[in-house]
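Read the structure below first, then the notes.
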Amino acid sequence: MTIRLTAIAVSALLALSVAGCATSEQNQRAGTGALIGGGVGALAGQALGHDTKSTVVGAAGGALLGAAIGTATTPRGQSGNYCRYQRRDGSIYEARCEGNGGGGY
């Protein structure tokens, strides 16, 4: 029982650390998908196999599948041509990037 909980905790911590390091929306979605998929996969592996190996394999497979789905479902419309800016009042807005190929000045 202790080994199973340790395996689940380690899998969750690894997925969480990957999600925490994500910088772009695509990476954030991949990290979140890996975290959710790893948890669901671990639960499914434990339910089906009733042993640690099944739990770890389920967590790994779920994390891979979740990351792939998270990456594939990222909207692609504005990522390359728009930047986020902050106004003096603190509100944030998106507009064409200035410089670096963002368009006219």
Side-chain angles (χ1 to χ4, degrees):
M1 182 72 173
T2 305
I3 295 173
R4 289 182 203 157
L5 291 176
T6 303
I8 292 171
V10 168
S11 298
L13 287 174
L14 287 173
L16 186 60
S17 68
V18 171
C21 294
T23 55
S24 69
E25 183 180 1
Q26 184 174 13
N27 289 344
Q28 288 175 348
R29 284 177 164 259
T32 302
L35 183 63
I36 294 169
V40 171
L43 291 173
Q46 179 61 34
L48 294 174
H50 302 291
D51 63 354
T52 304
K53 182 179 177 184
S54 299
T55 303
V56 172
V57 169
L64 287 173
L65 184 62
I69 291 172
T71 301
T73 59
T74 303
R76 305 225 185 249
Q78 302 178 6
S79 63
N81 297 329
Y82 285 81
C83 295
R84 289 185 180 176
Y85 297 99
Q86 187 172 8
R87 295 186 180 104
R88 291 183 186 184
D89 65 357
S91 62
I92 296 176
Y93 67 99
E94 291 187 8
R96 286 208 173 266
C97 297
E98 296 178 10
N100 293 339
Y105 295 150

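The structure displayed is predicted, hence computed values, not measured ones. Values below: all heavy atoms of this structure, side chains included; hydrogens, waters and symmetry mates excluded.
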Residue pair [X] / [Y]: nearest heavy atoms and the distance that separates them:
| X | Y | answer |
| --- | --- | --- |
| Ser54 | Gly45 | CB-O, 3.2 Å |
| Ser91 | Asp89 | OG-OD1, 2.8 Å |
| Gln46 | Asp51 | OE1-O, 3.5 Å |

Roughly how far, to the nearest 0.5 Å, is the CD1 atom of Ile69 from the CG atom of Leu64?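 Rounded to the nearest 0.5 Å, the CG-CD1 separation comes out at 11.0 Å.
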If you round to the nearest 0.5 Å, how far is CD of Gln28 from OG1 of Thr71?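 So the OG1 of Thr71 and the CD of Gln28 are separated by 12.0 Å.
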